[in-house]
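Structure below; questions to follow.
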Amino acid sequence: MPTAYIDTFARDHLPRIDQQPEFLFELPGLQYPAQLNSATELLDRHIREGRGDRPCIQAPGVRWTYGDLQDKANRIANVLVEEMGLVRGNRVLLRAPNTPMLAACWFAVIKAGGIAVATMPLLRANELHAIIERHVSGTRFAIADSQRS
């Protein structure tokens, strides 16, 4: 199966092909290219189609448009790739409560070609350790909310 990933950990740990579900994309609305970045479809498409100034995320004290979210995600993605050396397929641990900035970080990881491994801040050390060992072991990337983690 072709992949754009340089780090193939995720693909290498999928179930055998005979154990995977059969994906049917026969409906016109389900036609996708062989390679698809979900951040492009979920975020960048709105900018491209002229909805950049529409509200996208609202939380107490925060109101971001699609353009605001895209700007933040692009900046974070740039740091991950240009300054930290993230390559397509690297896993990134996200440790924060559900906040607008966590959403921006998730989009950034996906835009950069990484795999976001989000964790809940209520997890205890034992539970977090198991997730890190199984899903993030071997990577050096983590984004954490130091105020709440």
Side-chain angles (χ1 to χ4, degrees), residues 1-59 62-123 127-128 130-145 149:
M1 177 181 316
T3 181
Y5 287 165
I6 295 168
D7 176 346
T8 61
F9 175 91
R11 184 191 66 188
D12 296 344
H13 289 82
L14 288 172
R16 292 188 333 246
I17 210 76
D18 63 318
Q19 294 178 336
Q20 294 180 22
E22 182 180 356
F23 296 104
L24 302 174
F25 298 103
E26 297 166 354
L27 297 173
L30 296 177
Q31 302 302 307
Y32 297 102
Q35 293 180 353
L36 173 77
N37 185 306
S38 58
T40 300
E41 288 302 307
L42 296 171
L43 178 58
D44 296 343
R45 177 177 56 91
H46 292 285
I47 309 298
R48 196 174 53 248
E49 294 175 0
R51 293 185 292 275
D53 59 346
R54 286 193 168 172
C56 177
I57 292 182
Q58 188 164 336
V62 176
R63 182 180 166 101
W64 288 352
T65 64
Y66 284 100
D68 295 331
L69 179 57
Q70 183 190 51
D71 177 64
K72 287 168 182 39
N74 287 348
R75 289 172 184 249
I76 297 165
N78 186 55
V79 168
L80 286 168
V81 172
E82 299 298 326
E83 295 180 25
M84 298 179 70
L86 181 115
V87 298
R88 293 184 312 268
N90 281 160
R91 289 145 290 140
V92 180
L93 177 72
L94 298 178
R95 179 107 170 113
N98 290 333
T99 63
M101 192 52 78
L102 177 65
C105 290
W106 185 88
F107 275 107
V109 171
I110 303 305
K111 281 175 158 281
I115 297 171
V117 181
T119 62
M120 298 180 304
L122 295 177
L123 291 177
E127 297 162 323
L128 185 58
I131 291 170
I132 291 171
E133 284 297 312
R134 182 168 187 177
H135 300 289
V136 191
S137 177
T139 192
R140 61 177 202 235
F141 302 101
I143 299 174
D145 182 339
S149 293

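Just the heavy atoms: all of them, side chains too, but no hydrogens, waters or symmetry mates, feed the values below. We're numbering straight along the sequence, starting at 1.
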**OP:** Could you tell me which residues satisfy side-chain hydrogen bond (donor to acceptor under 3.5 Å, both in side chains) with N98, sequence neighbours excluded, listed by chain and number?
**Re:**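 Checked N98 against side-chain hydrogen bond (donor to acceptor under 3.5 Å, both in side chains); zero matches.
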Original post:
At their closest point, which heavy atom of V109 faces which heavy atom of A116, and how far apart are they?
Top reply: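 V109 and A116 have their closest heavy atoms at CG1-N, 3.6 Å.
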Subject >> R16: salt bridge (Lys or Arg N to Asp or Glu O under 4.0 Å) partners, not counting sequence neighbours >> reply: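 R16 satisfies salt bridge (Lys or Arg N to Asp or Glu O under 4.0 Å) with D18 once adjacent residues are dropped.
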Original post:
Is there any salt bridge (Lys or Arg N to Asp or Glu O under 4.0 Å) pair reaching into residues 50-59, and which pairs are they, with sequence neighbours excluded?
Top reply: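 Only E49-R51 qualify under salt bridge (Lys or Arg N to Asp or Glu O under 4.0 Å).
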Subject >> Where at least one partner belongs to residues 96-111, residue pairs that pass salt bridge (Lys or Arg N to Asp or Glu O under 4.0 Å), sequence neighbours excluded >> reply: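 Of all non-adjacent pairs touching residues 96-111, those that pass salt bridge (Lys or Arg N to Asp or Glu O under 4.0 Å) are D44-K111.
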**OP:** Write out all pairs satisfying ring-ring contact (aromatic ring centres under 6.0 Å, His included) with one or both partners inside residues 70-110, taking only residues at least two apart or from two chains.
**Re:**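 Qualifying pairs: none.
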Per-pair distances, 0.1 Å, donor-acceptor, side chain in residues 78-87, under 3.5 Å, sequence neighbours excluded:
none

**OP:** Please name all residues satisfying side chain to side chain contact (heavy atoms under 4.5 Å, CB included) with A59, sequence neighbours left out, ordered by chain then number.
**Re:**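 Side chain to side chain contact (heavy atoms under 4.5 Å, CB included) list for A59, sorted by chain: V62, P100.
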Distance-only donor-acceptor pairs under 3.5 Å for side chains of residues 21-30, two or more places apart:
none

Subject >> Set of residues satisfying side-chain hydrogen bond (donor to acceptor under 3.5 Å, both in side chains) with respect to E127, sequence neighbours excluded >> reply: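 With neighbours one apart ignored, the set is R124.
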Original post:
Mind checking what makes side chain to side chain contact (heavy atoms under 4.5 Å, CB included) contact with T119, not counting sequence neighbours?
Top reply: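 Residues passing side chain to side chain contact (heavy atoms under 4.5 Å, CB included) with T119: L93, R95, L123, L128, I131.
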Original post:
For the residue pair H46 and Y66, what are the closest heavy atoms and their distance?
Top reply: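 Shortest heavy-atom separation between H46 and Y66 comes out as CD2-CE2, 3.4 Å.
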